[in-house]
Amino acid sequence: EKGGYDWFMLKEIAEQPQAVADTLLGRLGENGELVLDEVRLSDQELRDIDKVFVVACGTAYHAGLIAKYAIEHWTRIPVEVELASEFRYRDPVLDRSTLVVVISQSGETMDTLMALRHARDQKARVLAICNANGSTIPRESDAVLYTHAGPEVAVASTKGFLTQVVACYLVGLFLAQVRGVKYADEVASIVDDLRELPAAVSQVLAGMEPVRELARSLATEDTLLFLGRHVGYPVALEGALKLKELAYIHAEGFAAGELKHGSIALIGPGTPVVVVVPSPRSRGSVHGKVVSNIQEVRARGARTIVVAEEGDDDVLPYADHLIRVPRTPTLLAPVVTTVPLQVLACEIADTRGLDVDQPRNLAKSVTVE
Ligand code: F6R
């Protein structure tokens, strides 16, 4: 049933191009138009939304952090992202014109379910992004957008995550479309870019042998740091979470710009630092700033593992290890940059002789608060 793979996780990582394609299937219409018939909120309800909350746990929360960048940019609606376990305990400001997007692969996570009930009690509209058909969370929501990842068996979410990110893009673009925002041209070209994602993920997967080798050389480390900026920041958090849960190695993700505000003190001789580099086409000078961060950590002894777009040669002088990903529009980059970090965590755990599919102390769906 593992289809020739040693672990379900490896099989599910390999299924990601198909999972992404299936999540897009039938939803990208002609002329950059999105077709999301399942979202049973009327155009008027969607136009009335003046605030979005994205609420989720763990890996799904990281998908939510990425959603914030995309939804705000495309729709100009303010978006807040919150951990489900915190959301209802701080009395968030919610009303009829608030859209609460809950993200859950399993659809059974108790923290997320309780947050959704709280949101509905406060009259907010709830849209679920979910993978498990007919599970509790979509049943209790006003609307649902299913990710079509297929069953995810490994405890660590991989194709679940990538398809959640894609579903968040669809929600953002759909809101932009219904509300007729000024980024209309950009939105149409992004729809074309979405169609390229499955092939881009396949391309990343085809180049993973050096990552496997690298993983073997990292298996005895006791700490790894992950840096990212803009949408690369949630990717760094996700890379660190995967490593913690699978390899039981201390790992932390940081916003690269925060390094100088404290965390850089952690870096000593040989500390492995994974850096997710934004596209050179990113807004502002974010790319150059992250390249400077790589230089800074290396000057303090770090062993740098750099995830950068093809053709980005600025990183070459500072990368001890270079992982290439295909050129992708800035906001869509997490769909490609996350993949090598999944493989890295999986292979490090395997090298350490651990059970990749069933890490200690964890369950696939967390049905207690
Ligand atoms: C980590 C992981 C968890 C889940 C989290 C939410 O790899 O899988 O962090 O993402 O428990 O689960 P769902 O998405 O089922 O609500």
Side-chain angles (χ1 to χ4, degrees), residues 7-13 15-16 19 23 53-67 81-88 100-117 119 126-141 144-168 226 234-249 251 253 334 338-339 341-346 348-349 354-369:
W7 300 107
F8 278 107
M9 184 180 178
L10 284 175
K11 174 172 177 268
E12 289 161 6
I13 288 173
E15 285 168 351
Q16 289 183 116
T23 299
F53 278 100
V54 187
V55 181
C57 303
T59 285
Y61 170 74
H62 297 153
L65 292 174
I66 295 165
V81 192
E82 191 143 356
L83 293 166
S85 55
E86 290 293 325
F87 182 68
R88 76 192 170 110
V100 176
V101 179
V102 292
I103 310 177
S104 176
Q105 188 285 127
S106 64
E108 301 296 348
T109 301
M110 189 53 74
D111 286 312
T112 311
L113 179 61
M114 296 313 279
L116 119 68
R117 287 184 181 158
V126 177
L127 168 68
I129 291 177
C130 187
N131 193 45
N133 256 294
S135 52
T136 311
I137 287 173
R139 275 195 280 117
E140 294 203 15
S141 299
V144 54
L145 185 64
Y146 279 109
T147 52
H148 294 152
E152 195 177 59
V153 177
V155 163
S157 185
T158 54
K159 61 177 183 171
F161 173 75
L162 239 54
T163 55
Q164 284 163 352
V165 172
V166 169
C168 289
F226 291 75
V235 173
L237 296 176
E238 175 60 5
L241 177 61
K242 283 288 162 293
L243 195 66
K244 285 183 262 199
E245 70 173 326
L246 296 172
Y248 320 150
I249 294 177
T338 306
V339 176
L341 307 189
Q342 298 168 338
V343 174
L344 192 69
C346 181
I348 292 177
L354 301 172
D355 186 335
V356 169
D357 288 336
Q358 302 247 319
R360 67 183 180 196
N361 311 338
L362 288 170
K364 182 64 182 162
S365 87
V366 184
T367 52
V368 290
E369 249 194 292

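Remember, it's 1-based here, ligands and their atoms both numbered in the order they're listed.
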**Report entry** Which residues share a side-chain contact (heavy atoms from CB on, under 4.5 Å) with V153, sequence neighbours left out
**Finding:** F8, E12
Query - Residues forming a ring-ring contact (aromatic ring centres under 6.0 Å, His included) with Y61, sequence neighbours excluded - result: none
Query raised in the report: Where do V155 and P359 come nearest, in terms of heavy atoms and distance?
Result: CB-CD, 3.7 Å
Report task. Scan residues 146-161 for pairs that pass side-chain hydrogen bond (donor to acceptor under 3.5 Å, both in side chains), counting only residues two or more places apart or in two chains. Result -> E15-K159, N131-T147, E152-S157, E152-K364
Query - Distance-only donor-acceptor check, side chains E108 and S135, under 3.5 Å - result: no
**Report entry** Full working for side-chain contact (heavy atoms from CB on, under 4.5 Å) between M110 and V368
**Finding:** CA-CA 5 Å; M110 189 53 74; V368 290; 5.5 Å; no
**Report entry** Pocket residues of ligand 1, ordered first by chain and then by residue number (heavy-atom cut-off under 4.0 Å)
**Finding:** C57, G58, T59, A60, S104, Q105, S106, T109, V155, A156, S157, Q164, K242, E245
